[in-house]
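Written out below as structure tokens is the structure these notes cover.
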Protein chains: 2
Amino acid sequence: MPHAKRAADDLTPLGKLDEGALHGLLGYQLAQAAILTTGVFTHAAGQPLELRPVEFTILQLVNENADITPGRLAKALAMTAPGITIWLDRLEGRGLVLRERSTTDRRAQNVSLTRSGQALVSQALKNVLAEERSVLQSLSEGERTMLLELLHKVARLRK
Amino acid sequence: MPHAKRAADDLTPLGKLDEGALHGLLGYQLAQAAILTTGVFTHAAGQPLELRPVEFTILQLVNENADITPGRLAKALAMTAPGITIWLDRLEGRGLVLRERSTTDRRAQNVSLTRSGQALVSQALKNVLAEERSVLQSLSEGERTMLLELLHKVARLRK
DNA sequence: TATTGTTATACTCTATAACTATA
DNA sequence: TATAGTTATAGAGTATAACAATA
């Protein structure tokens with residue numbers, strides 16, 4: 001007797017499709033939720049400031065971690081080394097980040113933000129935080145906090 | 001006084017970078033959590049059954065929604081029409097789905113699974129559910145349920 | 001020899017525009 | 001005219017392999 005009972009809202013948004021077993025799959029629910037947040041990012045910061053989500057994240061991680069290396073950025077974002085090189089090339093070309101050879105290990109590089117990069121990422125962060133808060137109004141403060149904490153807990157399970 | 005106090009685990013996984021304000025951004029936490037679930041999917045079903053995440057989701061949505069149309073699939077997955085066409089082409093080429101003209105509206109198509117498609121998606125679902133459960137053991141049953149429900153609530157905010 | 005990072009190249013995925021056929 | 005779906009084409013993003021410099 002497959003899918004006997006089912007909640008009335010056990011559906012995908014737009015399409016109003018029956019999710020069935022997908023309802024209990026974390027990967028699927030993450031992807032569905034990300035459709036919303038990707039739209040929020042694009043509207044609040046991506047389009048007005050010409051930033052891709054990954055570019056924003058790189059800028060913010062550099063902003064919070066002084067003299068970070070491309071290698072550590074690649075690991076944090078689960079990207080390959082050539083991948084991070086290309087993004088840093090673009091950001092450097094726009095005058096948002098600086099790459100300097102490490103003095104202790106001349107193979108490595110220290111990445112930092114320019115004034116312009118700091119200003120841009122600050123504005124982007126402000127915009128996205130505000131729009132997320134606005135869009136997530138139907139969740140209580142407790143629900144938003146709980147959601148972020150649980151996601152953080154999941155993210156930290158990465159080896 | 002920027003980022004005054006900060007919890008000891010306010011860090012990204014692998015890189016152990018300071019997330020700072022990113023900690024409170026839903027879009028970022030979703031992306032970080034998805035790195036884990038994408039790995040779980042690939043290991044449990046993607047590689048052994050030669051399925052992309054999007055292919056698995058299409059198969060499962062078709063499985064749960066009889067005679068669904070490509071248009072509705074496209075909306076549910078936030079894809080363009082040419083995008084869904086290509087994925088359905090591939091799945092049909094592998095003998096996993098069937099496309100038949102609708103009798104009531106001859107522009108539309110009814111998508112359904114073949115026996116082979118049903119068997120494959122069932123196996124994939126079983127594999128992924130089992131591995132997610134295994135990987136998420138450090139979360140309590142209540143936490144896993146709460147996380148899925150909150151994500152579903154966020155996903156349904158899509159207009 | 002191993003590590004950090006770049007370059008070269010090809011592949012996957014996606015998007016837009018133009019098209020066919022039905023309504 | 002509008003809608004469902006396809007085809008054609010180009011672009012964005014990513015991965016692998018080969019490389020240079022340093023440890």
Side-chain angles (χ1 to χ4, degrees), chain A residues 14-17 31 34-35 38-39 41-43 46-47 50-58 61-62 65 67-94 97-112, chain B residues 14-17 31 34-35 38-39 41-43 46-47 50-58 61-62 65 67-94 97-112:
Chain A
L14 276 171
K16 302 302 181 198
L17 303 183
I35 294 174
T38 299
F41 175 85
T42 300
H43 180 259
Q47 285 183 347
E50 292 185 287
L51 277 181
R52 305 282 165 171
V54 65
E55 292 178 312
F56 164 72
T57 305
I58 290 170
L61 286 175
V62 172
N65 297 273
D67 290 335
I68 190 174
T69 63
R72 292 183 71 205
L73 280 171
K75 281 178 191 164
L77 300 175
M79 303 183 57
T80 59
I84 200 73
T85 293
I86 289 176
W87 287 114
L88 289 175
D89 283 349
R90 288 197 211 171
L91 294 171
E92 194 175 34
R94 287 173 67 179
V97 310
L98 241 58
R99 283 191 273 200
E100 297 170 302
R101 287 255 161 246
S102 165
T103 51
T104 54
D105 181 344
R106 292 175 42 73
R107 293 171 302 181
Q109 294 187 332
N110 295 328
V111 183
S112 58
Chain B
L14 277 170
K16 301 301 180 200
L17 302 183
I35 294 174
T38 299
F41 175 85
T42 300
H43 180 260
Q47 286 183 346
E50 291 186 288
L51 276 180
R52 306 283 165 168
V54 64
E55 293 178 311
F56 164 72
T57 305
I58 291 170
L61 285 176
V62 172
N65 297 273
D67 291 334
I68 189 175
T69 62
R72 292 183 71 205
L73 280 170
K75 282 178 191 165
L77 300 175
M79 303 182 58
T80 58
I84 201 73
T85 293
I86 289 177
W87 288 115
L88 288 176
D89 283 350
R90 287 196 211 171
L91 294 171
E92 195 176 33
R94 288 173 66 179
V97 310
L98 242 58
R99 283 191 273 201
E100 297 170 301
R101 287 255 161 247
S102 165
T103 51
T104 54
D105 182 343
R106 292 176 40 73
R107 294 171 303 182
Q109 295 187 329
N110 294 329
V111 183
S112 58

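Sequence lines set the chain letters: A, B, ... in the order given, protein chains first and strands last, and positions in each chain run from 1. The figures here come from the full heavy-atom set of this structure, side chains too, leaving out hydrogens, waters and symmetry mates.
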> Starting at CG of Leu91(B) and ending at P of dT6(D), how long is that distance when rounded to a whole Å?
Replying inline: 12 Å
> CD1/Ile84(A) to OG1/Thr69(A) distance, rounded to the nearest 0.5 angstrom?
Replying inline: 9.5 Å
> Looking only at heavy atoms, which two atoms of Leu61(A) and Ala76(A) are closest? And how far apart?
Replying inline: CD1-CB, 4.3 Å
> Looking for any heavy atom pair under 4.0 Å, which part of the strands does Thr69(A) touch: base, sugar-phosphate only, or nothing?
Replying inline: sugar-phosphate
> Are Trp87(B) and dC13(C) close enough that a side-chain N or O sits under 4.0 Å from OP1 or OP2?
Replying inline: no
> Who pairs with Glu92(B) by salt bridge (Lys or Arg N to Asp or Glu O under 4.0 Å), at least two apart in sequence or on another chain?
Replying inline: Arg99(B)
> Think Arg90(A) has a side-chain N or O under 4.0 angstrom from the OP1 or OP2 of dA12(D)?
Replying inline: no
> Taking only N and O in the side chain of Arg52(A), is any of them less than 4.0 Å away from OP1 or OP2 of dG13(D)?
Replying inline: yes
> Contact class for Gly83(B) vs. all strands (heavy atom < 4.0 Å): base, sugar-phosphate, or nothing?
Replying inline: nothing
>> On the nucleotide dA15(D), are OP1 or OP2 found under 4.0 Å from the side-chain N or O atoms that Thr80(A) carries?
In response: yes
>> Within this structure, what is the CD1-CG distance for the pair Ile68(B) and Asn110(B), rounded to the nearest 0.5 Å?
In response: 10.0 Å
> To the nearest Å, how far apart are Leu88(B) CG and dG5(D) C1'?
Replying inline: 10 Å
> Thr85(A) side chain: which of dT14(D), dT6(C), dT14(C) is closest?
Replying inline: dT6(C)
>> Measure CD/Glu50(B) against P/dT12(C) and give the value in whole Å, please.
In response: 12 Å
> Do the side chains of Ile58(B) and Val111(B) get nearer than 4.5 Å, heavy atoms only?
Replying inline: no
>> Rounded to whole Å, how long is the line connecting atom CE of Met79(B) with atom P of dT16(C)?
In response: 13 Å
> Could you state the interatomic distance from CE (Met79(A)) to CD1 (Ile35(B)), rounded to the nearest 0.5 Å?
Replying inline: 10.5 Å
Tabulate atom names and distances for all N/O pairs under 3.5 angstrom spanning the protein and nucleotides 21-23 of chain C.
{"from": "dA23(C)", "atom 1": "OP1", "to": "Arg106(B)", "atom 2": "N", "distance (Å)": "2.9"}

> Under the criterion side-chain contact (heavy atoms from CB on, under 4.5 Å), which of Val97(B), Leu91(B), Leu88(B) is the partner of Glu55(B)?
Replying inline: Leu91(B)
> What nucleotide, of dT14(C), dT7(C), dG5(C), holds the atom closest to the side chain of Asp89(A)?
Replying inline: dT7(C)
> Using the C1' atoms of the five pairs at each end, what is the angle between the end axes of the helix from dT1(C)-dA23(D) to dA23(C)-dT1(D), to 10°?
Replying inline: 0°
> For Arg107(B), does its backbone N or O pair with a side-chain atom of Arg101(B) as donor and acceptor, under 3.5 Å?
Replying inline: yes
> Rounded to the nearest 0.5 Å, what separation is found between the CD atom of Gln109(B) and the CG atom of Leu73(B)?
Replying inline: 11.0 Å
> Glu100(B) has an atom CD; how far is it from atom C1' of dG5(D), in whole Å?
Replying inline: 16 Å
> Rounded to whole angstrom units, what separation is found between the CD1 atom of Ile86(B) and the P atom of dT12(C)?
Replying inline: 12 Å
> At under 4.0 Å between heavy atoms, what does Ala81(B) touch on the DNA or RNA strands: base, sugar-phosphate, or nothing?
Replying inline: base
> For the pair made of CZ in Arg72(B) and C1' in dG5(D), what is the distance, rounded to whole Å?
Replying inline: 16 Å
> Leu77(B) CG to dA15(C) P: how many Å, rounded?
Replying inline: 12 Å
>> side-chain contact (heavy atoms from CB on, under 4.5 Å) for Arg94(A) and Leu51(A)? Distances and angles first, verdict last.
In response: CA-CA 11 Å; Arg94(A) 287 173 67 179; Leu51(A) 277 181; 4.1 Å; yes
